[in-house]
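One structure is given here, and the rest of the page talks about it.
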Amino acid sequence: MFSLVPTCKGRHACKSFPSLRVCYQFFSSATNSLPSVSDGFGTEKKRTHFGLLFQSCTKLHHSKCLHAFLVVSGKAQDIIFSSRLVNRYAYLGDVSFSRRTFDSMPRKDVYTWNSMVSAYVRSGRFREAVDCFSDFLLTPGLRPDFYTFPPVLKACGNLNVGKKIHCWLIKLGLEWDVFVAASLIHMYSRFGFISVAHKLFDEMPFRDMGCWNAMISGFCQNGNAADALDVLIEMRSEGVKMDPVTVASLLTACAQSDDSLSGMLIHLYVIKHGLEFDLFVCNALINMYAKFGCLGHAHRVFYEMQVRDLVSWNSIITANEQNDEPMTALGFFNRMQLSRVKPDWLTLVSLASIIAQLNDAEMSRSVHGFILRRDWFKEDVVIGNAVVDMYAKLGAIDSARTVFEGLPVKDVVSWNTLITGYTQNGLASEANEVYCMMQECKGIIPNQGSWVSILPAYTHLGALQQGMRIHGRVIKNCLYLDVFVGTCLIDMYGKCGRLDDAFSLFYQVPRMSSVTWNAMISCLGVHGHGGKAVKLFKDMIDEGVKPDHVTFVSLMAACSHSGLVNEGELYFHMMQKEYGIKPGLKHYGCMVDLLGRAGHLDKAYSFIKTMPVQPDASVWGALLGACRIHGNAELGKIASERLFEVDSENVGYYVLLSNIYATTGKWEGVDKVRSMARNRRLRKTPGWSSIQINNKVDVFYTGNQTHPLCEQIYQKLRELTEKMKSLGYVPDFSFVLQDVEDDEKEHILMSHSERLAIAFGIISTPPKTPIRIFKNLRVCGDCHNVTKLISVITEREIIVRDSNRFHHFKDGTCSCGDYW
DNA sequence: TTAGGGTTAG
């Protein structure tokens, strides 16, 4: 709202100074506000009136009107007026107008240059600010003063420039000006030279609030909350009270160091000293409570705020987004738009994550388009990474790749995001490819995030050697104690068959977090050591680590694999009663699997019927799998009917059902399932198996005939089949869904990927060497039988890890006891 | 008339 300062009184001013009257009228019409002329221009000096007019320009078009007036009245060349315009345009957020005004000035003084430099800094255009400062230095007859340096120090992009400026300041004797000194402290802290900043701070002859705050925030931003607290104590001992700036810095430090007690004490201080209406303080409080997971407190602060800015909205949106409340977050986003607050690129970073959580593919395109229209990929690499992450999480990995390729700048996080995207979408080879590309990329150094991205891909591929190479790099970088990398390594060793190595690593890494325990319990489970998994769970409780929903999934799966039905049921109830964890679909799936595998098929079916949530494919799939093990075609039919209602695309279930009919002699059923699969034009997920020999991984697809040793492999398989038949092997054609002759079916079974890999292992390694195979799907029943026989014929141990668990074949038996 | 220290990020 336009207003003239009420202290200027008297109706004579307009007559005595007509130009001001014109200007005033100009303004009144521009702002649709016509305050009484008698309120205007009293006996103040001409320039003061103009000063007030400049201050009155609270919107960009006010400034433009005033500018036009100055041009019309021939005062635009006046160095004082145009300098103030430079300032005002920058204050109103339009630095290009500042620059145009600046360039049009025939003569410039120190004030003009200072205004232009600070205009750039105010709008975050630091490089242009430094360039402008350099031009200033080249201007003959003008020297920067103590107003020039604080913005320049804020803008300088590297420590060397900062040090150079510090030297000048010493020479000019401006070092101890409080504004300058605070800027120096801030600059050194920003570059991580906190000790230099602290030394400067200690030597200061006089400190004002800005200097104390610069030092405290310096420590806070370097993650050193304890030292920040020491400075705070010193400050308060000198009788200086915390102001909103101090509080906002400290709240951020509390959030970062997860110190909820101090955070709440500061909140009390805020209320006691009436700082709860400060915008920055409130924004920092929302952020802090969100980090503590106290969404209710964050909401309360937000609702009680009297003034909210873009940061407030972004903070409350992010608070909900990061606390798994995407719908609420989206609600705040909509309300923000209704409040006419325009989103910035940071809002869109949160929005991308919200869309991924909501799994809304349509909205993901809108978000992408919104960013493209505003050209915000240039704003910061963070927003590009957020979009790559969004697409990857939605399963649109090709879109993620396209966005990644088009990013103007890529940092290590961009690469990590894409690698994680491939890994999480089950594309481990592509993840490895991207990881290799990243290593060849100049200026990108893999970090912890990179190991955490790539290790699960190696686990998936069973690429132990590559995984071990990463382990070597981790040790070299002294990162082996990092809980995330440590957990990934445990998982990798465990799932690549090195359970002992996984265990020894488990005792080396910090075990405060449940994730490490979950990984180890899960590894024990897939190896069929249910009892050890239960023991480890008890150790976990004894060490005071709180189990989470993942712990119970791993634990119940381990019980299921080992037939520990009572224990599994016990933990399902314990999870709810003692830990208040509401069972999810995965827990229900585990329970059905547990009961079904053990032969309690009716109990499993009743259990499904009492579920409070709609069963998904994994739950019905578990029942169908159990029906196959126990040859129950009747229940299998019911399970498959439900299954095809929720997931009619997964060909694996058709194979299972056909197998149930075949083993129970219901050949009509087999035909029916085959025609169903054919009519729905289902294509089987390509099965592949990999084997690593001499650091080289060979991948075999079912029916693969392109391998250089293809001839020898099939020859070996024919040879083995003959020997197996003499031991009583009869091929089980129920695992072949194709409607072909028996000869063809036998050939299809023989060219299953795991058999090709095993045969390749036999011909490529010395006799009696153990063979380790990885398969992306579950091993079929016929291959399971065949592998048992091959282990007898060749006197080899054969270890097969399929998508479900480990099978350790030795002397004609399997560690899973056919309980898979 | 011009300047410092504060809040949100993948």
Side-chain angles (χ1 to χ4, degrees), chain A residues 47-48 50-51 54-55 79-88 90-91 109-119 121-122 144-154 174 177-187 189-190 207-218 220-221 243-253 255 278-288 290-291 309-319 321-322 344-350 352-353 356 379-390 392 407 411-414 416-417 420 449:
Chain A
R47 262 182 201 169
T48 312
F50 268 106
F54 277 101
Q55 276 178 28
I79 198 163
I80 294 171
F81 295 141
S82 23
S83 296
R84 292 208 65 158
L85 269 175
V86 170
N87 245 316
R88 205 64 204 164
Y91 178 81
D109 65 0
V110 180
Y111 169 50
T112 326
W113 281 100
N114 286 349
S115 300
M116 196 59 237
V117 171
S118 69
V121 174
R122 197 190 288 266
D145 63 4
F146 54 84
Y147 280 106
T148 323
F149 289 101
V152 172
L153 281 167
K154 192 175 179 179
L174 299 175
D177 173 87
V178 280
F179 279 63
V180 169
S183 304
L184 280 168
I185 292 166
H186 181 248
M187 186 271 296
S189 307
R190 189 157 53 93
R207 296 167 187 150
D208 76 344
M209 203 62 223
C211 301
W212 287 105
N213 285 338
M215 196 63 249
I216 290 171
S217 77
C220 290
Q221 281 165 7
D243 74 349
V245 179
T246 333
V247 168
S249 298
L250 289 168
L251 286 172
T252 312
D278 183 273
L279 184 65
F280 278 75
V281 169
C282 290
N283 292 345
L285 277 170
I286 294 171
N287 171 42
M288 181 188 76
K291 292 253 162 68
D309 69 350
L310 177 61
V311 179
S312 324
W313 286 100
N314 282 351
S315 301
I316 198 72
I317 292 169
T318 311
E321 176 252 302
Q322 297 197 337
D344 68 349
W345 67 270
L346 281 169
T347 325
L348 268 287
V349 168
S350 291
S353 172
E379 284 282 333
D380 197 299
V381 64
V382 172
I383 189 162
N385 297 346
V387 174
V388 173
D389 191 50
M390 174 184 75
L407 290 182
D411 67 356
V412 67
V413 183
S414 322
N416 296 349
T417 308
T420 309

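The chains referred to below are lettered A, B, ... by the order of the sequence lines, with proteins before strands, and numbering in each begins at 1.
- Between the CD1 atom of Ile286(A) and the P atom of dT8(B) there is a distance of 11 Å, given to the nearest Å.
- For the pair Asn287(A)/Lys291(A), a side-chain contact is recorded, criterion being any heavy-atom separation below 4.5 Å from C-beta on.
- Among the protein residues, Cys211(A) comes within range of the nucleic acid bases, having at least one heavy atom under 4.0 Å from a base atom.
- OP1 or OP2 of dG6(B) has at least one side-chain nitrogen or oxygen of Gln221(A) nearer than 4.0 Å.
- Listed pair His186(A) / dG4(B) fails the phosphate criterion, with no side-chain N or O lying under 4.0 Å from OP1 or OP2.
- At least one side-chain heavy atom of Asp109(A) sits less than 4.5 Å from a side-chain heavy atom of Ser83(A).
- OP1 or OP2 of dG6(B) has at least one side-chain nitrogen or oxygen of Ser217(A) nearer than 4.0 Å.
- Contact annotation: the side chain of Asn114(A) never approaches that of Val117(A) to less than 4.5 Å [non-hydrogen atoms, C-beta and beyond].
- In this structure, CG of Asn283(A) is placed 15 Å from C1' of dA9(B), rounded to the nearest angstrom.
- Counting heavy atoms from C-beta outward, Phe81(A) and Phe54(A) have side chains that approach closer than 4.5 Å.
- In this structure, Asp309(A) reaches neither bases nor backbone, as no heavy-atom distance under 4.0 Å exists between it and the strands shown.
- Among the atoms of the strands shown, none is found under 4.0 Å from any heavy atom of Phe149(A).
- In this structure, the nucleotide among dG4(B), dG6(B), dT7(B) sitting nearest to the side chain of Ala284(A) is dT7(B).
- Counting distance only, with no hydrogens placed and no angle test, the side-chain atoms of Asp208(A) and the base atoms of dG4(B) include a donor-acceptor pair under 3.5 Å.
- At the phosphate of dT2(B), neither OP1 nor OP2 sits under 4.0 Å from any side-chain N or O atom of Arg88(A).
- In this structure, Trp113(A) reaches neither bases nor backbone, as no heavy-atom distance under 4.0 Å exists between it and the strands shown.
- Nucleotide dG4(B) holds its C1' atom 14 Å from the CG atom of Asp145(A), rounded to whole Å.
- Here the side chain of Met209(A) is nearest to one of dG5(B), dT2(B), dG4(B), namely dG5(B).
- Between the side chains of Asn87(A) and Ser115(A), at least one donor-acceptor pair of N or O atoms lies under 3.5 Å.
- With hydrogens and angles left out, the side chain of Asp278(A) and the base of dG6(B) share a donor-acceptor pair within 3.5 Å.
- Using a 4.5 Å heavy-atom threshold, the side chains of Trp345(A) and Val382(A) count as touching.
- For dG4(B), its base never sits under 3.5 Å from the side chain of Asp177(A) at any donor and acceptor pair.
- Distances were taken from every side-chain heavy atom of Thr252(A) (C-beta onward) to each of dA9(B), dT8(B), dA3(B); the shortest belongs to dT8(B).
- A straight line from CE of Met215(A) to C1' of dG4(B) spans 15 Å, rounded to a whole angstrom.
- Rounded to a whole Å, the CD1 atom of Ile383(A) is 14 Å from the P atom of dA9(B).
- You'll find that the side chain of Val311(A) is closest to dT8(B), out of dT8(B), dG6(B), dT2(B).
- At a threshold of 4.0 angstrom between heavy atoms, the contacts of Thr417(A) with the nucleic acid are absent.
- Stacking between Tyr147(A) and the base of dA3(B) is absent under the criterion of ring centres within 5.5 Å and planes under 30 degrees.
- Here Gln322(A) lies in heavy-atom contact (under 4.0 Å) with sugar-phosphate atoms only.
- In this structure, the CD1 atom of Ile185(A) is 15 Å from the C1' atom of dA3(B), given to the nearest Å.
- Nearest nucleotide to the side chain of Asn314(A), out of dA9(B), dT8(B), dG4(B): dT8(B).
- Using a 4.0 Å heavy-atom criterion, one finds that Ser83(A) contacts no nucleic acid atom at all.
- If you measure from atom CG of Leu184(A) to atom C1' of dG4(B), you get 10 Å, rounded to the nearest angstrom.
- The side chain of Lys154(A) sits closest to dG5(B) out of dT7(B), dG5(B), dA3(B).
- Phosphate proximity of dG6(B) to Asn213(A): absent, as no side-chain N or O sits under 4.0 Å from OP1 or OP2.
- Protein atom CD of Glu321(A) is 10 Å distant from nucleotide atom C1' of dA9(B), rounded to whole Å.
- Arg122(A) comes within 4.0 angstrom of the backbone, heavy atoms only, and of no base.
- At the heavy-atom level, Val178(A) lies under 4.0 Å from base atoms of the strands shown.
- Residues Ser183(A) and Phe149(A) have side chains not in contact (no heavy-atom distance under 4.5 Å, counting atoms from C-beta outward).
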